[in-house]
There are 2 protein chains.
Amino acid sequence: MGADFPFSMPRFPEDAEREPLPESLTRYTGFLIAKAHQRLWTLFNDECKRLGFDVPCGGVLHLLDECGSMSQQQLGRKLRIDRTSMVKLVDALEEKKLARRRDHPEDRRIYLVEITAAGKKALAELQVVGDAMEKQLLSPFSEDEVKTIRRALLTLAG
Amino acid sequence: MGADFPFSMPRFPEDAEREPLPESLTRYTGFLIAKAHQRLWTLFNDECKRLGFDVPCGGVLHLLDECGSMSQQQLGRKLRIDRTSMVKLVDALEEKKLARRRDHPEDRRIYLVEITAAGKKALAELQVVGDAMEKQLLSPFSEDEVKTIRRALLTLAG
DNA sequence: GGAAATCATCAGCAATACTGACAATCATGG
DNA sequence: CCATGATTGTCAGTATTGCTGATGATTTCC
C-alpha cells in the first residue's frame, strides 16, 4: 500500500473489542471509507514502523522514485500535504538517511529532494509488503470488481 | 454521509492547487482510500460545521437515533473510537444540547447517552445533506457497481 | 465478604495541521 | 536596470487529536 499524509489516526481496534459497524452509518460511503482507512492505516503503518519509518515517509519515497527529485512543494502538491507539514516529513527522511536535500542548480530558492541508496532499499522492502498486502486485501474480488473499485476510489478522491 | 472519528484531517486542497495523484501510489488501494477519505471528510465536515457541529458528533447522533440510548463505551466500540476520546465527544454534544447524559436505572457506573429533541432535529438536517451528497458522489456508478463498491469497503473496513 | 472487572473521567504526553510570519530568491514589467 | 510581486523553505505558535496511565465509583463473580 502507499502512503498518505502525516496525521494521527486512531488505531483499528483488536479483534476482541471490535463490533460490527452500525447500519445507520454503513449506508454512507463516507463512513465506510473512513473506517476502511482506519483499518488499512493501522495495518500498513505497523509494517512501515517495522521498516523504520512510517506511512507518510513511504509515500514520499514512492513518489521520489517514480518522478525523480523535486521540490518540497511539488511533493506536497502531488501528495496533497501542506507545505509546512512537508518540511518535517523531509526532515525525518533526511535524518533516517532515506532522502536528502540538494541545491537546485538553477533556482537557489529550491531544495531538490532526492532519494538515497538507503531510501531505494527501504522502498524496495516497502513495495514487497505493500504488494503482498494489496494482493491479500483484494483477493476476495474478481478482476472486474477490482477495476470498479479502483475507478470508484479514484473518482471519489477527486 | 456518516461520521467517523474525531481527529485532525488535512484539508482537501482547493481546485487551483490540486494535481492528479501520482501513479506510483494510486496503484495501492490504501492510498486511494486515504485520499478519498481526505476529500469526503473535507466536504462533509464543512456541511456539519454549517449545522453547528462536526463529523464525529454527527456519527454519534446517527448511532443514538438508530440504536437508542447507550453507554459511552458502547458508542465507542460501535464507532471504533477510543473510550477517552468519547468523553470529549459527548461533552461537546451535551454542550450543544444535542444529547445528554442520563443515569442508568440499574447500573450507577454508566451514563446513558440519549439524543435530545434538538439532536433529532439536527440529525434530520444532517441526513438531508448526507443523502444528497451520497447521491451525488455515487451518481457516476451503476446500481451493480455501487453494490460492489459497498461490499468492498465493508470488507476492507473489517 | 473480598477480588476482579467495568465505567466514566482526568491529567499529561506525543503527534499533527495549519496560520501567519520571515528571509532569500526569482520573475516580470516598466 | 530596478521595483514590485510571486515563489520557496522555514519557523514559532496555536489548536486538535489520540492515547497511556491513573483514579474513584460501582458492579459482578467467586
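Letters go in sequence order (proteins before strands), and every chain restarts at 1.
- In this structure, CZ of A/R83 is placed 10 Å from C1' of D/dT10, rounded to the nearest angstrom.
- Closest to the side chain of A/D107, out of C/dC26, D/dC19, D/dG9, is C/dC26.
- The CZ-P distance, from B/F12 to C/dC18, rounds to 13 Å in whole Å.
- Ionic pairing of B/D82 and B/R77 is not present here: no N-O contact between side-chain nitrogen and carboxylate oxygen is shorter than 4.0 angstrom.
- In this structure, A/E106 reaches the sugar-phosphate backbone alone: every heavy-atom distance under 4.0 Å involves primed, P, OP1 or OP2 atoms, never a base.
- Using a 4.0 Å heavy-atom distance criterion, A/T84 is classed as a base contact.
- Atom CG of A/L25 and atom NZ of B/K78 lie 11.0 Å apart (nearest 0.5 Å).
- Each of D/dT10, D/dT8, D/dC19 was ranked by its minimum atom distance to the side chain of A/R77; first place goes to D/dT8.
- If you measure from atom CE of A/M86 to atom P of D/dT8, you get 13 Å, rounded to the nearest angstrom.
- Summarising the geometry, the separation between CG on A/D82 and P on D/dG9 is reported as 13 Å, rounded to the nearest angstrom.
- Cluster annotation: A/V55 and A/F12 are assigned to distinct hydrophobic clusters (Ile/Leu/Val/Met/Phe/Trp/Tyr, side-chain heavy-atom contacts under 4.5 Å, transitive).
- If you check D/dC19, C/dT9, C/dC7 against the side chain of A/R11, the one that comes closest is D/dC19.
- Rounded to whole Å, the distance from CG on A/N45 to P on C/dA15 is 12 Å.
- Nearest to the side chain of A/Q73, among C/dT19, D/dG9, C/dA8, sits D/dG9.
- Computed from coordinates, the B/Y111 OH to D/dG24 C1' distance equals 12 Å when rounded to whole Å.
- Projected onto DNA chain D by closest heavy-atom contact, A/L112 and A/K88 fall at different nucleotides, the more 5' of which corresponds to A/L112.
- What separates CD1 of A/I110 from C1' of D/dT7 is a distance of 8 Å, to the nearest Å.
- Taking atom CG of residue B/D103 and atom P of nucleotide D/dA25, one finds them 15 Å apart after rounding to whole Å.
- The side chain of B/P10 approaches C/dC18 more closely than any other nucleotide in the set C/dC7, C/dT9, C/dC18.
- Of the side-chain N and O atoms in A/Q74, none sit less than 4.0 angstrom from OP1 or OP2 of D/dT8.
- Within 6.0 Å of the CD atom in B/E66, the count of heavy atoms belonging to other residues, nucleotides or ligands exceeds 12.
- Put simply, the side chain of B/R109 and the base of C/dT6 share a donor and an acceptor less than 3.5 Å apart.
- In the set C/dC26, D/dG9, C/dC18, C/dC26 carries the atom at the smallest distance from any side-chain atom of A/R108.
- Close to C/dT9, at under 4.0 Å from its OP1 or OP2, lies a side-chain N or O of B/R101.
- The two residues B/Q38 and B/P13 make their nearest non-hydrogen contact at NE2-CD, 4.5 Å.
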